[in-house]
Number of protein chains: 2
Amino acid sequence: MSEPRWLDAAQQRDWRAYIEGSVRLADLLDRDLKAKHGLATAEYEILVRLSEAPDRRLRMAELAEYASQSRSRLSHTVARLECKGFVARGTCGADKRGVNAELTEKGFAFLEQAARDHVATVREFFVDVIDPEDLEAIGRAFSAVAEQVGKVR
Amino acid sequence: MSEPRWLDAAQQRDWRAYIEGSVRLADLLDRDLKAKHGLATAEYEILVRLSEAPDRRLRMAELAEYASQSRSRLSHTVARLECKGFVARGTCGADKRGVNAELTEKGFAFLEQAARDHVATVREFFVDVIDPEDLEAIGRAFSAVAEQVGKVR
DNA sequence: ACAGAGTGATTGAATTTTCAACAAGAATCC
DNA sequence: GGATTCTTGTTGAAAATTCAATCACTCTGT
């Protein structure tokens, strides 16, 4: 157990390819979104999650979970989005500690535009350059990874 | 062309699984490395690249390329690593503008320790939870992604 | 040789993210 | 009921990253 099992050559190759590809892709998507719509990926992600929630509204803790962000980070980020008028915060009836974040009309309209471009870019640099079977493999693999990571947290 | 081609249900599922899984994994690896060795992934990555270079030394621009970081970011990061005594900067003979970053003995010794733990964690949360064939698919896919991203940059 | 354009690396300020408290409300236990 | 503990969300300072400007050097063309 204390003896480290190194990765074999193929595993190492695949792992590195993943690291490099994913970092570059994330970088590109971020720049693309920022250049075209002035939004960071993390902010975009928040709008997406809200747009899919019932009443386009979620409690901060849930939103943090869905967007894979820390609560602290979410607080700051939502504050910024609130300044831009894309999100509004309101108190949550049942639990007086709770805060609801809600996507505004303006935020929704904005998201519709941004999502088009974003999807096109995701296609161009991810979906369309990957063999469909490999894409399925990625779905399977990263679901397993997310689950495994979830166990420990 | 201006008509957006949305992702079909399966593509969307796979893309989202990837986003969630990769963000959580990156997060976990970062925390793990920071907790056990006080280093961020980006810093670790730099040490790795240096350790593999001839004479454990690389010019800043090359290092930036290998580590998928901007030059500015690299300057700051290397400055930090230099403070810790893991990296030393020296001028580059041929081109007087150039700067070589070199892994120190201390940096190398440190890396040996950190790499063990890191590989173990990568195994536990990535390699070992993924079907070997799916891992190969990931390697293929992200190589293609990296190439595609490289075309435009 | 030399002006102009391009490259390599750094810097400091602005922005973003993390980290460590903190405050207020809910839940638990006796 | 009241003390204790846990959860939710925010805050400000510290750390990291991005952005724009800058400086020094090299290359190119004439």
Side-chain angles (χ1 to χ4, degrees), chain A residues 23-24 26-35 37-46 50 57-84 86-102 153, chain B residues 23-24 26-47 50 57-84 86-102 153:
Chain A
V23 168
R24 304 220 156 165
D27 223 57
L28 178 91
L29 291 176
D30 212 48
R31 282 174 197 287
D32 185 64
L33 208 46
K34 202 165 289 174
H37 301 280
L39 221 63
T41 308
E43 299 172 314
Y44 174 82
E45 203 69 19
I46 286 170
L50 285 177
R57 154 187 345 213
L58 280 172
R59 287 191 57 165
M60 294 296 278
E62 287 180 291
L63 184 51
E65 176 65 18
Y66 294 152
S68 306
Q69 293 189 15
S70 74
R71 293 189 186 178
S72 170
R73 181 177 179 184
L74 185 67
S75 273
H76 288 296
T77 311
V78 165
R80 282 190 313 261
L81 289 171
E82 205 172 15
C83 279
K84 295 187 183 180
F86 295 159
V87 171
R89 272 190 278 210
T91 58
C92 170
D95 185 341
K96 281 180 192 158
R97 294 167 303 179
V99 169
N100 274 325
E102 182 178 350
R153 234 191 13 101
Chain B
V23 169
R24 303 220 158 166
D27 223 56
L28 177 90
L29 291 176
D30 214 48
R31 282 172 197 289
D32 185 64
L33 209 45
K34 202 165 290 172
K36 291 182 184 157
H37 303 279
L39 221 65
T41 307
E43 300 172 313
Y44 174 81
E45 203 69 22
I46 287 171
L47 299 186
L50 285 177
R57 158 189 340 215
L58 280 172
R59 289 190 56 164
M60 294 296 277
E62 288 179 292
L63 184 51
E65 176 64 18
Y66 294 152
S68 306
Q69 292 188 17
S70 73
R71 293 189 185 179
S72 171
R73 183 178 177 181
L74 185 67
S75 273
H76 288 295
T77 310
V78 165
R80 269 175 343 243
L81 289 171
E82 205 173 15
C83 280
K84 296 188 183 180
F86 295 159
V87 172
R89 273 189 278 210
T91 57
C92 171
D95 185 342
K96 281 179 193 159
R97 296 167 302 179
V99 170
N100 274 326
E102 181 178 350
R153 233 191 13 104

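Since the structure is predicted, the reported quantities are computational estimates derived from the model, not experimental observations. In what follows, chains carry the letters A, B, and so on, assigned in the order in which the sequence lines appear, proteins first and then strands, with residues in each chain numbered from 1.
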> Please give, in whole Å, the distance from D/dT17 C1' to B/Leu74 CG?
Replying inline: 13 Å
> Does anyone know the first and last nucleotide of DNA chain C in reach of chain B, 5' to 3', at under 4.0 angstrom to a heavy atom?
Replying inline: C/dG6 to C/dC19
> Is any side-chain N of the basic residue among B/Glu65 and A/Arg24 closer than 4.0 Å to the acidic one's carboxylate O?
Replying inline: yes
> What is the distance, rounded to the nearest whole Å, between atom CG of B/Leu81 and atom P of D/dA15?
Replying inline: 16 Å
> Expressed in angstrom and rounded to an integer, what is the separation of B/Glu45 atom CD from D/dA16 atom P?
Replying inline: 17 Å
> Quick one: which of D/dT11, D/dT17, D/dT8 gets closest to the side chain of B/Ala42?
Replying inline: D/dT17
> Can you check the A/Leu58 CG to D/dT8 C1' distance for me, whole Å?
Replying inline: 15 Å
>> Does atom NZ (B/Lys96) have a neighbourhood of more than 12 heavy atoms from anything else shown, all under 6.0 Å?
In response: no
>> Within the 4.0 Å limit for protein heavy atoms, which parts of nucleotides 18-28 of chain D are touched? Write it as a string from 5' to 3', B for base, S for sugar-phosphate only, - for none.
In response: BB----BBS--
> Is the closest side-chain heavy-atom distance between A/Arg89 and A/Asn100 below 4.5 Å?
Replying inline: no
> Are any side-chain N or O atoms of B/Asp30 and backbone N or O atoms of B/Ala40, one a donor and one an acceptor, separated by less than 3.5 Å?
Replying inline: no
> Tell me: CD of A/Glu65 to P of D/dG9, nearest whole Å?
Replying inline: 12 Å
>> Closest-nucleotide mapping onto DNA chain D: is B/Thr77 or A/Gly98 further toward the 5' terminus? I mean the 5' end.
In response: A/Gly98
> How do B/Ala40 and A/Arg71 order along DNA chain D: which one's closest nucleotide is nearer the 5' end?
Replying inline: A/Arg71
> Can we say B/Arg71 and B/Glu62 salt-bridge, meaning some charged N sits less than 4.0 Å from an Asp/Glu carboxylate O?
Replying inline: no
>> Please give me the minimum heavy-atom distance between B/Ala64 and B/Leu74, naming the atom from each residue.
In response: N-CD2, 3.6 Å
